[in-house]
Amino acid sequence: MADLRTTFASIKSPNPFWLASAPPSDKAYNVVRAFKAGWGGVVWKTLGEDGPPIVNTASRYGALEVGGQRMVGFTNIELITDRPLQVNLDEIKQVKRDWPDRALIVSLMVPCEEESWKRILKRVEETNADGVELNFGCPHGMSERGMGAAVGQVPEYVEMVTRWCKQLTRMPVLVKLTPNVTNILGSARAAKRGGADGVSLINTVNSIIGVDLDSMAPYPVVGGKGTHGGYCGPAVKPIALHMISEIGRDPECAGLPISGIGGIATWRDAAEFHALGAGTVQVCTAAMHYGFKIIDDMVDGLSNWLDARGHDRLDAIVGRALPNVTDWQHLDLNYKIVARIDQDACIKCGLCHIACEDTSHQSIAALKANGERRYEVIDQECVGCNLCMYACPVTGCISMVEVPTGRKPLTWLEHPNNPLRQAAE
Amino acid sequence: MGDAGESAARRLSADELARNFADIHVPLDRERSLIEASRCYFCYDAPCQQACPTSIDIPGFIRKISTDNVKGAAVTILNENIMGGACARVCPVEVLCEQACVRESQEARPIQIGALQRYATDWLFERKLQPFTRAPSTGKRVAVVGAGPAGLACAHRLAMRGHDVTVYEARPKAGGLNEYGIAAYKVPDDFAQAEVAFILGIGGIKIEFGKALGRDISLSNLRRDFDAVFLGMGLAGVNALALEGEDMPGVMDAVGYIERLRQTADKGVLEIGRRVVVIGGGNTAIDIAVQAKRLGAEDVTIVYRRGPDHMGATWHEQELAQTNGVTIKHWARPLRIVAHQDRLKEVEFEYTQLDEQGRLMSTGDRFSLLADMLFKAIGQSFVPSPLGNGAAEPLELANGRIQVNADRKTSLANVWAGGDCVPGEDLTVSAIQDGKLAAESIDRNLRSA
């Protein structure tokens, strides 16, 4: 079995799977259950300043269902922990003592004043937690009070608070980034400049997940009204993958450890995050959907996959896909593929034809052969867009095959149609 | 039991009978319908739609179910097939839409199209919604002979187009085979009459009961008194075995028995044999065999002269018989009815095979089955005499039925025909398509006149 042990920003865990700061990591009861199930680490649900606890609403969650698949997307309007600070700190201390091999990071969110951070960091240190994660990402509720995403959206604040924290504690400092920005590099670079030991992303995305057409209020409905929430779950994975790859290939962020978050539900999802540079991954929605037991396949599956590829450690694949992430202008415009339909696998549904006919390049003919429906690719019309392959309900029936053009690779930078092209060397 | 070996009523308790003749299918509820609808690929130019004799937009209505637009789904169905509710229950979907479903070729598990169609149409009926309205009156009058699926489908479409329709029905109730012929457990709870009421709900359709063609009305008078005539009187004849003793007590035709069964509220009064033999290979043979079993017959055997693939009943129907404990014996035909004290005692059969030219022949071997009831289910035939073909202008026949063109128009001016009395598949859904096509053709004709 491949070795899944990770050391991330000097925090050790037996596997890269951490529970993200969220309801599943709100108290010792849940966290202990997660550790028993095999999770490698936990980011404890965000603690705030000492004083009267936060108050939460009912309801709190909304979900997107697609074609009968529940919770493809998920949203919440829950705030940081609503339990007294000391209760959380006591539990953290006890859990860390009982589970020394697991990563236990504490998520924090206090007002943007150095004194506030100083107070809480001191108390967290006493728990012997492995590190802190600064919650600069929460997009709802707390941001109205000048915290969470309100900080994370201003790179100067990110840098300032990160620097304070680095000066105020010996613990590793992770900065959790909000995706609700136009360019993730602004806050990622700020975290780096502030001395962050790593970044975690993505936090949730600003969203209204749906509208209750009876009460005419957005979900989740609270007494006839609703507010925007933080979107997560499988549907946000593509956004997260893009953002971590941007950080992963940014020279200014070079060497900055990344804990990947966003729609991770399986070992396969995790492998994609690792391939784009994530050292660890954090999971929430999938656990909230199916319980902690999913960790079993995540660990087992990732290990088996690494074994099958001949790797004995997870590190071997971290960042391996990054060199292949590039800008559009560097893609080879002479690369040509066309669709191929496996006629034996074809079930004659016609979806490839109508997708291409109505919305693309009219390159799949609907024919009748011996009274049978038959769909054939018109090679000279096919632009190799992949649409038919994805519309086809039969896995592997339509494949895209390379057609050698005999021409040398040609990018837009050199292309004759580009008025600003660079002279060929 | 004193009556062992003979026919008797009340072989089963009232509870058992109620169970045996209740709905054979559990309807899909909303949850299960949504799950099933989500399996549909929304095929382009869908094979299921092509396989439906009435060309219902099946992917279209299933998509509407999936979005909870159930009314829209029902209207999509009923637009093409006004008896979509009956067809959802009685169509041999396993050889029509569901056989064509691409999921069938992909995973041998087609979308349950019939069940989804039932969900949508039941939804509409339960809410007593009437989605159809009549076009402004044309003042034209059309006579329809027969209030079965063909006649009612024709009448409904004509009424929609603004014509006034009079339907002549020989029996006391409308619905045709849905009311008198289909196995009871397929259309329980008086569904046929509820559907008739829905169809008549559009208005403009008058039914005159107890009026038989050739007895109370004549084709020539109808042609004289109406702007157009549609003939949908079905098949009045029952094929005979041509064996000696065919009229003796205990030997009966399946169609007549089923008609009685369908019209009897207390099924317990029906006498059924302990040992029942059914001769035939079509749906009627299956229907009588299964219903005999469900009335309490002990041994029921269907004997068919050819193999399973030759049977008119689909594989699904054959399985239904077998899971109901009916034995199907293939490759045998009746030779002799044996009586004891003037009553049926046994039936002697000979085994059959195909010769090199593909003709059916005897193998020379024989066997006998004890029977206290023998049902003939070897098909029905069209009886042309009520047409009054002695008249100056005879109606052309083809293969013993009324000849029609693609518009279901007959050889006579202003006369159309459809359903079982014309050549083609004897299916409810085909009859409905006939009626619909004929109505559209009549409408075009009357408007251009």
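Each chain gets a letter, A, B and so on, in the order its sequence line appears, and its residues count up from 1.
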Asker: Do other residues, nucleotides or ligands put more than 12 heavy atoms under 6.0 Å from the CD atom of A/Glu372?
Answerer: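 At most 12 heavy atoms, drawn from other residues, nucleotides or ligands, come within 6.0 Å of this atom.
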Asker: Quick check on B/Glu104 against chain A: is it the side chain, the backbone, both or neither that has a heavy atom closer than 4.5 Å?
Answerer: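 When you check distances to chain A, no heavy atom of B/Glu104 falls under 4.5 Å.
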Asker: What's the shortest heavy-atom distance between A/Ile347 and B/Val102, and which atoms?
Answerer: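 Nearest heavy atoms, A/Ile347 then B/Val102: O-CG1, 2.9 Å.
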Asker: Could you tell me which non-hydrogen atom of A/Gly67 sits nearest to which non-hydrogen atom of B/Ser38, and how far apart they are?
Answerer: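 Reported closest heavy-atom pair: O-CB, 4.0 Å.
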Asker: Does a side-chain heavy-atom distance below 4.5 Å link A/His353 with B/Asp45?
Answerer: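 No. Closest side-chain heavy atoms not under 4.5 Å.
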Asker: Counting only heavy atoms not in B/His310 (residues, nucleotides, ligands), do more than 12 fall under 6.0 Å from its NE2?
Answerer: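 Yes.
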Asker: For the CG atom on B/Asn399, are there more than 12 heavy atoms of other groups (residues, nucleotides or ligands in this structure) within a distance under 6.0 Å?
Answerer: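 Count not over threshold, so no.
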Asker: Would you find more than 12 non-hydrogen atoms of other residues, nucleotides or ligands less than 6.0 Å from B/Arg127 atom CZ?
Answerer: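 Yes, CZ of B/Arg127 has more than 12 neighbouring heavy atoms, counting only those of other groups under 6.0 Å.
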Asker: What pair of heavy atoms forms the shortest contact from A/Tyr375 to B/Tyr44, and how long is it?
Answerer: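 Scanning both residues completely, I find the closest heavy atoms to be OH-O, 4.4 Å.
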Asker: Search all heavy atoms of B/Tyr41 against all heavy atoms of A/Leu351 and return the closest pair with its distance.
Answerer: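 Heavy-atom minimum between the residues: O-CD1, 3.3 Å.
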Asker: Give a yes or no on this: more than 12 heavy atoms of other residues, nucleotides or ligands lie within 6.0 Å of atom CG of B/Asp189.
Answerer: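 No - once you tally the heavy atoms of other residues, nucleotides and ligands closer than 6.0 Å, there are 12 at most.
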Asker: Minimum heavy-atom separation for A/Cys349 to B/Cys43, with atom names?
Answerer: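 Between these two residues, the closest heavy atoms are O-CB, 3.1 Å.
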Asker: State, yes or no, whether a side-chain contact exists between A/Arg373 and B/Pro47 at a heavy-atom distance under 4.5 Å.
Answerer: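 SC-SC contact between A/Arg373 and B/Pro47 confirmed.
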